[in-house]
Amino acid sequence: MVTGFPYPAGMAHLLSRLGVRTRTTVVAVAVVAAAIVVAGAGVVLLLGWSLEKSTTEDARSAGHQVVHEIAREGTRDLTGADVAGSGDSASVLQVLDAQGRVVTADPALAGLPPLTPVRPAPGHEIVETVSVTVNGTGEDYRLVSTGVAGPGGPYTVVSARSLAPVTDALTRLSLLFAAAALPLLAISAFTVHRAVGSALRPVERMRRTVSEITTRDLERRVELPPGRDEVHRLAVTLNSMLDRLASAQGAQRRFVADASHELRSPVNTMATALEVAEHHPAAMSKDELVTVVSRETSRLRELVDDLLLLARTDDATDNPPSGEVDLDDLARAEAERARATAGVRVEIRTEPVKVTGNAAQLRRAVRNLVDNACEHAAGRIRVRTATDGDTAVVVVSDDGPGVPERDRERIFERFVRRDDARHHGAPGSGGSAGLGLAIVAGIAGRHGGSAECVDSTDPAYPGAEFRIRLPRRRQP
């Protein structure tokens with residue numbers, strides 16, 4: 001499709017209803033037709049100018065012969081035969097005296113008044129085009145009127161050449177261009193239509209392939225056409241999109257399977273407790289039943305909340321309110337909360353740093369890191385904020401067992417827990433369902449940042465060190 005071409009409104013509406021091949025063909029034919037018209041008009045104008053110039057020179061040359069004769073001998077012995085042109089009305093002459101009377105003229109002009117009222121001074125000439133009726137036929141003539149001083153006084157020699165041959169030649173040339181344009185336009189239309197069809201054939205094959213791909217057959221890929229043009233890049237992009245869809249489908253299936261497994265655990269626990277209380281009332285008291293159901297309900301509610309938060313971080317259309325956030329105040333508040341409730345020593349080192357984002361989500365990310373550190377610390381954790389150029393950093397360290405290097409990226413995935421976390425908890429578990437660190441990574445990514453686990457450089461905190469890196473808020 002040719003774009004950027006200035007169509008009239010009606011034509012644009014009509015073209016929009018046609019296919020790509022037809023639109024391209026119509027535009028190409030229109031361009032070729034315009035080129036033919038412009039080229040033809042240029043040739044016709046140039047030829048017309050050349051022929052008219054030649055006609056003027058012929059008229060001037062014929063008139064100069066009579067001018068020289070009058071300058072030598074006057075008009076006493078000058079007769080119509082002396083000024084006769086080609087013998088027809090195509091080339092005629094008149095000689096006028098100072099009063100504008102016809103002294104002598106070409107036989108074809110016998111009895112006609114002066115062809116022009118102009119009277120140039122001796123030695124000067126005037127060129128003009130007038131319509132003259134000769135032999136009952138009106139035609140345009142190129143007149144060259146020359147003034148001459150003869151023995152009997154000043155005279156005007158009017159030499160006229162018919163422009164009819166020029167008009168006939170230009171008409172024949174225009175018809176020739178029109179006759180040649182029709183087959184040329186037909187050939188252009190056929191060639192462009194076939195060429196565009198050939199160029200679009202790989203696109204049609206890709207369309208058929210993609211239309212046959214279903215959610216159960218995401219392993220198929222479109223064939224890459226030869227060359228490195230736009231069609232090839234389209235095929236590469238489609239295959240890349242299919243790769244992402246297949247990956248997303250696999251992640252979705254794993255997510256649903258893991259979520260179902262995690263949700264089933266508290267539901268099964270409550271169902272078992274209720275069955276025991278129903279069939280064996282003596283084995284479980286009412287208070288014990290309430291305790292189990294309450295604990296598992298709280299666990300279930302926490303898991304559902306985490307899943308909803310993860311869904312929101314994945315949803316690009318979800319735009320929670322955002323504004324200026326004092327990241328150091330937020331980190332200090334979470335550290336103070338852990339100090340009061342977690343039973344570990346908490347070291348707080350913060351420096352002022354501001355970011356732009358949703359305060360509630362950022363608070364949740366920092367809280368997850370602090371809770372993760374408290375769960376796996378031997379006895380102390382440290383929470384600090386810092387700046388690194390244009391980046392704000394929240395660092396949470398602990399003195400626990402640490403995270404093996406092979407697991408430092410995997411622990412930010414959903415429902416990922418190390419083997420030891422299933423029994424007594426380990427860094428990276430992120431809560432019982434393995435969603436805590438996934439939420440941290442999702443919130444950081446949603447705010448244009450990242451989450452990472454690195455080696456601790458402080459001997460006092462040899463365990464895990466988690467960092468959230470976010471773009472700093474630019475001050476106006």
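All values derive from a computational prediction rather than experimental measurement.
Listed for the T209 side chain is a donor-acceptor partner under 3.5 Å among the backbone atoms of R205. Under the 3.5 Å distance criterion, the side-chain polar atoms of S61 are left unmatched by any main-chain donor or acceptor of E57. In this structure, S50 contributes its side chain and L46 its backbone to no donor-acceptor pair below 3.5 Å. Side chain of T237 to backbone of R233: a donor-acceptor contact under 3.5 angstrom is found. Side chain of S174 to main chain of L170: a donor-acceptor pair is present (N/O by atom type, distance under 3.5 Å, no hydrogens or angles). Judged purely by atom type and a 3.5 angstrom limit, N239 uses its side chain to pair as donor or acceptor with the backbone of V222. R408 contributes a side-chain N or O that, together with a main-chain N or O of V403, makes up a donor-acceptor pair within less than 3.5 Å. Listed for the S240 side chain is no donor-acceptor partner under 3.5 Å among the backbone atoms of V236.
Salt-bridge check for R467 with E465: passed, with a basic side-chain N closer than 4.0 Å to an acidic carboxylate O. Ion pairing between a basic and an acidic side chain is recognised when a charged N comes within 4.0 Å of a carboxylate O; R208 and E204 show such pairing. Classification of D329 and R332 as a salt-bridged pair fails, no side-chain N sitting under 4.0 Å from a carboxylate O.
Between E413 atom CD and I411 atom CD1 the span is 10.0 Å, to the nearest 0.5 Å. The structure places CE of M284 at 9.0 Å from OG1 of T272, a figure rounded to the nearest 0.5 Å. Distance check: L182 CG to I187 CD1 gives 11.0 Å after rounding to the nearest 0.5 Å. Atom OG of S397 is separated from atom CD of E347 by 9.0 Å, given to the nearest 0.5 angstrom. Interatomic distance, M270 CE to N268 CG, rounded to the nearest 0.5 Å: 9.0 Å. Put simply, OG1 on T356 and CD on E324 are 7.0 Å apart, with the number rounded to the nearest 0.5 Å.
No side-chain donor-acceptor contact under 3.5 Å links T55 and R142.
Pairing each heavy atom of R469 with each of D388, the nearest pair is NH2-OD2, 2.8 Å. Summarising the geometry of P225 relative to V231, their closest heavy-atom pair is CG-CG1, 3.8 Å, with the distance given to 0.1 Å. The shortest non-hydrogen separation linking A331 to T385 is CB-CG2, 3.7 Å. Across all non-hydrogen atoms, the minimal contact from A199 to V203 is O-CG2, 4.4 Å. Here the closest heavy-atom approach between residue S188 and residue V32 is recorded as OG-CG1, 3.9 Å. In terms of heavy atoms, L51 sits closest to A169 at CD1-CB, 3.8 Å.
Looking at T129 and E52, their side chains never come closer than 4.5 Å, going by heavy atoms from C-beta outward. In this structure, the side chains of L289 and K286 stay at 4.5 Å or more apart for every pair of heavy atoms. Residues L437 and N368 are not in side-chain contact: their nearest non-hydrogen atoms beyond the backbone lie 4.5 Å or more apart. Taking 4.5 Å as the limit, every side-chain heavy atom of F466 sits out of range of all side-chain heavy atoms of V440. H447 has its side chain out of reach of V355: every pair of non-hydrogen atoms, C-beta onward, lies at least 4.5 Å apart. Looking at heavy atoms from C-beta onward, I381 lies in side-chain contact with C374 at the 4.5 angstrom threshold. Residues T167 and D140 have side chains not in contact (no heavy-atom distance under 4.5 Å, counting atoms from C-beta outward). Contact check for R364 versus I443: side-chain heavy atoms found under the 4.5 Å cut-off.
Other residues, nucleotides and ligands contribute only 12 or fewer heavy atoms inside 6.0 Å of the CZ atom of R194. Counting heavy atoms of neighbouring residues, nucleotides and ligands inside a 6.0 Å radius, atom CD of E128 exceeds 12 of them.
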- Tell me, with the steps shown, if L224 and H232 meet side-chain contact (heavy atoms from CB on, under 4.5 Å). CA-CA 6 Å; L224 294 180; H232 178 87; 4.2 Å; yes
- Item | salt bridge (charged side-chain N to carboxylate O under 4.0 Å, His left out) evaluation trace for D399 with R382 | CA-CA 9 Å; D399 60 350; R382 181 176 64 193; over 6 Å; no
- With salt bridge (charged side-chain N to carboxylate O under 4.0 Å, His left out) as the test, would you mind laying out the steps for R337 and D371 before giving the verdict? CA-CA 10 Å; R337 178 189 61 83; D371 289 346; 2.9 Å; yes
- Task: Evaluate the criterion side-chain contact (heavy atoms from CB on, under 4.5 Å) for residue pair E405 and D455; output intermediate values, then yes/no.
- Result: CA-CA 8 Å; E405 186 174 357; D455 287 323; 5.6 Å; no
- Query: Which is it for E288 and V292 under the side-chain contact (heavy atoms from CB on, under 4.5 Å) test, yes or no, and what are the steps along the way?
  - Reply: CA-CA 6 Å; E288 290 175 331; V292 172; 5.5 Å; no
- Task: Show the numbers, then the answer: is there a side-chain contact (heavy atoms from CB on, under 4.5 Å) between L330 and V394?
- Result: CA-CA 10 Å; L330 190 150; V394 179; over 6 Å; no
